[in-house]
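Below is one structure, written out as structure tokens; comments come after it.
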2 protein chains.
Amino acid sequence: MPKSRPVQGLTATPPTQQPAATVREVAAAAGVSLATVSRTMNGGAQVSTATAQAVREAAAALGFRPNLVGRRLRAGRSHTIGVMLPTLQHPVFAECLSGIEQSAQSHGQVVALTTTQYDPANEEAASERLLENRVDGLVLTVADWRRSPLLDKLDREHMPYVLVFNQTGLVRSGGRAAKYGPGAARVSVSVDNRLAARHMVEHLIELGHRHIRMIAGQFSQSDRARLRHRGYEDAMGNAGLQAPPAVQLPFNTTEAAAALHEVVTAHPAPTALFCSSDHLALVVMHSLGRLGRRVPQDVSVAGFDGVAIGDLLTPPLTTVVQPVVEIGRTAVQMLHQRLSGQHMLGSATLHHSLKKGGTAASPRGQSVPAQCESHPRRSD
Amino acid sequence: MPKSRPVQGLTATPPTQQPAATVREVAAAAGVSLATVSRTMNGGAQVSTATAQAVREAAAALGFRPNLVGRRLRAGRSHTIGVMLPTLQHPVFAECLSGIEQSAQSHGQVVALTTTQYDPANEEAASERLLENRVDGLVLTVADWRRSPLLDKLDREHMPYVLVFNQTGLVRSGGRAAKYGPGAARVSVSVDNRLAARHMVEHLIELGHRHIRMIAGQFSQSDRARLRHRGYEDAMGNAGLQAPPAVQLPFNTTEAAAALHEVVTAHPAPTALFCSSDHLALVVMHSLGRLGRRVPQDVSVAGFDGVAIGDLLTPPLTTVVQPVVEIGRTAVQMLHQRLSGQHMLGSATLHHSLKKGGTAASPRGQSVPAQCESHPRRSD
DNA sequence: GTGAAAGCGCTAACAA
DNA sequence: TTGTTAGCGCTTTCAC
């Protein structure tokens, strides 16, 4: 279909960007008014089938592509959701983003993306960029949801958002449940980090371990890491075992190995290491290898996240599986719910599961290694 | 600073979305005209320091946030770059996106994201969503850059784009270099897939391997996979060795193991397997484990991609490293260059490197295992 | 069922 | 240096 288009003013337009057809041109071509074209393209509500047909033909012939920027300015809604994550280098966030994107797509929305590189100082600018673009709402992960100037700002402005991975709960101040912002609690989608960690450590204890250390990463200050450590303490405490503080593993690989060397040669030496992420577990196992320790014969290792890669290791990684993609999907659904004016049902806690891989076994001279996957009891 | 704002019509606005301040309100507050506010916020060109000061104060007091939608509609530029990738579940794409995002951020641009889930049928809709949003340009990966209705469309519309991972080159038709679209060749950022694959296979040959099979994944139809197979053929041919067709590994894990079983028990049995991606290499090693074969003692395995995870394996994965993040960054830079009217310098070929990890060693009864990393010669 | 007109927030001529 | 005005593409009253 060759397109004949009204001359646009005959400026010597460079050939490097032909202007797209507008409603006006479609209207002219179809011999109707702008309003009719608009009506046809949208609800298609009050338009006779004949004219609608004509409009659609004209639009097709002109290769009409609605300009969402115009629509947006008029409607005040952007059909865009802003996403702010610490990084994409970590599979957990990348997979979650994948879920977010899929869900947004199915809602006909577009995702605008920003990362903070784990630096809370970037949160302000990153979010601001999204807000300037007038996103309808935000899906994001912050360093610490309890003290976050960014979340304070969003609450103040009534900008809808859903946190992912951050696990919010009501904070009690002086005996009364405190809410954030004017009327809305901070809403989030996550697993029950504390319970999940407890389950994993209970698993290690069942295997016969008595000396279990928790390994935390560079981001041990994060709210999640703290909750996981609480779960570790719960399990250890319930079993009448000592729960020393988490080992903060340095960034640098060789330093990490050195730090780990100290840990595994201490007395009494831990027989199992519970890592606060899968990535950390891989680093730990790598370091252990360099120290001549075998996993799980000499020491057991467990992770947290359940990224796809863990399955492919030999032996497969023992870890807590978060439904990462589902977390992203759920967040978008909840945001959407909120945007369509429905009441938010509060935070969502998705089910985790324990993957009993091959990196955790009974300590030397004990028995009963478990090798099959199971789902955790949701007791308590 | 309490904000006093002109009454907006006294509609019973629901408390769930306070309208943001506009230039008009800032102008009123500062006692100047819209134009002056606009000038101050932008170039700040022709405004006296005194008024500029006043405007800035008023803006700050009102919490003014420029509405990029309005600006965009007026300016015709969105300061948004559209990104379309097959998936985010694969670390290669996630890491590349990370590079894209970082670079976009440093250019003050926002990233609008879409994925196709590897289905070319989704490319049309996914890109259309981006185009409706009037992105300034596109960074994308397509299934096959040579026959892509999407790229044809983009060329036709003169929409600037840069391919990532797809490795374009001039196609000769009837002896003349064929260009795509009206005047512009398809521009891309990638490594030299063929050369990189050749280097890896040469490395395997140097280790003493004679029977090397190439393992391709489900997407063996992709242009990259084809180029890598050509590189494999180059190396084998130069060494006077036979280069059988690539093994197409099934999706399902157990089927994969079965297929692999056939391969490794054939006569003569391959002593090394060159996989067209790191992920595939992991799957292969996993299957080999289940078949009771040890890597690298019984069979060597090499990958392609160089994702971060490979380093943490024991032994570390032998693989071709693509500068994935850099590929993303470069693509954005090139796009930016193009958008600012400069001439495109054509496609960029970034340097790969060989990571000689521990999964490839000399076959049984041979010597000289190489363990250190090196950079490839860039000959030919 | 359809059209005319106003206006979303912003910038860029053109005037003063 | 500053203000006035037009208009980007679209939707949506309000008339007819």
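Every chain is numbered from 1, with letters handed out A, B, ... down the list of sequences.
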- Who pairs with B:Glu132 by side chain to side chain donor-acceptor pair (under 3.5 Å), at least two apart in sequence or on another chain? none
- Query: Hey, is the side chain of B:Thr36 poking within less than 4.0 Å of OP1 or OP2 on D:dT1, counting only N and O atoms?
  - Reply: no
- With A:Gln117, which residues qualify under side chain to side chain donor-acceptor pair (under 3.5 Å), at least two apart? A:Thr115
- Message: Restricting to salt bridge (Lys or Arg N to Asp or Glu O under 4.0 Å), what partner residues turn up for A:Arg329, sequence neighbours left out?
- Response: A:Glu326
- Task: Determine: side-chain N/O of A:Thr51 to OP1/OP2 of C:dG1, distance under 4.0 Å, yes or no.
- Result: no
- Would you please name every residue forming a side chain to side chain donor-acceptor pair (under 3.5 Å) with A:Arg24, sequence neighbours left out? none
- Message: Assuming nearest nucleotide by heavy-atom distance, tell me which of B:Arg134 and B:Ser33 is located more 5' along DNA chain D.
- Response: B:Ser33
- Task: Could you tell me whether B:Val32 contacts a base, only the sugar-phosphate backbone, or nothing, with contacts defined as non-hydrogen atoms closer than 4.0 Å?
- Result: sugar-phosphate
- Task: With sequence neighbours left out, write down each residue that passes ring-ring contact (aromatic ring centres under 6.0 Å, His included) with B:His79, or none if nothing qualifies.
- Result: none
- Closest-nucleotide ordering on DNA chain D, the 5'-leading residue of B:Ala52 and A:Val37: B:Ala52
Close N/O contacts between protein and nucleotides 14-16 of chain C (under 3.5 Å):
none

- Note on the structure: Between CZ of B:Arg72 and C1' of D:dC10 the distance, given in whole Å, is 15 Å
- Here the salt bridge (charged side-chain N to carboxylate O under 4.0 Å, His left out) pairs for residues 66-85 of chain B, sequence neighbours left out, are B:Arg77-B:Asp136
- Query: For A:Arg129, what residues pass the salt bridge (Lys or Arg N to Asp or Glu O under 4.0 Å) criterion, not counting sequence neighbours?
  - Reply: none
- Item | Polar side-chain atom of B:Thr36 near backbone of B:Val32 as donor-acceptor pair, under 3.5 Å | no
- Item | 4.5 Å side-chain heavy-atom contact, A:Ile100 and A:Val111 | yes
- Message: Could you tell me how far apart B:Asn133 (CG) and D:dC10 (P) are, to the nearest whole angstrom?
- Response: 13 Å
- Query: Distance check: side-chain N/O of A:Arg71 vs OP1/OP2 of D:dT11, anything under 4.0 Å?
  - Reply: yes
- Query: Can you check the B:Phe64 CZ to C:dC10 C1' distance for me, whole Å?
  - Reply: 9 Å
- Whole Å only: how far is the CG atom of B:Asn42 from the C1' atom of C:dA13? 15 Å
With 3.5 Å as the limit, what N/O pairs link the protein to nucleotides 6-8 of chain C?
| residue | atom | partner | partner atom | Å |
| --- | --- | --- | --- | --- |
| C:dG7 | N2 | A:Arg74 | NH1 | 3.3 |
| C:dC8 | O2 | A:Arg74 | N | 3.2 |

- Message: I'd like to check the side chain to side chain contact (heavy atoms under 4.5 Å, CB included) partners of A:Ser98; sequence neighbours left out, ordered by chain and number.
- Response: A:Gln102, B:Leu88, B:Gln89
- Would A:Glu57 and A:Gln53 count as having a side-chain donor-acceptor pair, cut-off 3.5 Å? yes
- Query: How long is the line joining CD of B:Gln53 and P of D:dT1, in whole Å?
  - Reply: 17 Å
- Terminal axes of the helix from C:dG1-D:dC16 to C:dA16-D:dT1 (5 end pairs apiece), angle rounded to 10 degrees, sit apart by 40°
- Nearest-Å distance for atom pair CE/P, residues B:Met41 and D:dT2: 16 Å
- Listed by chain and number, what are the side chain to side chain donor-acceptor pair (under 3.5 Å) partners of B:Gln333, not counting sequence neighbours? none
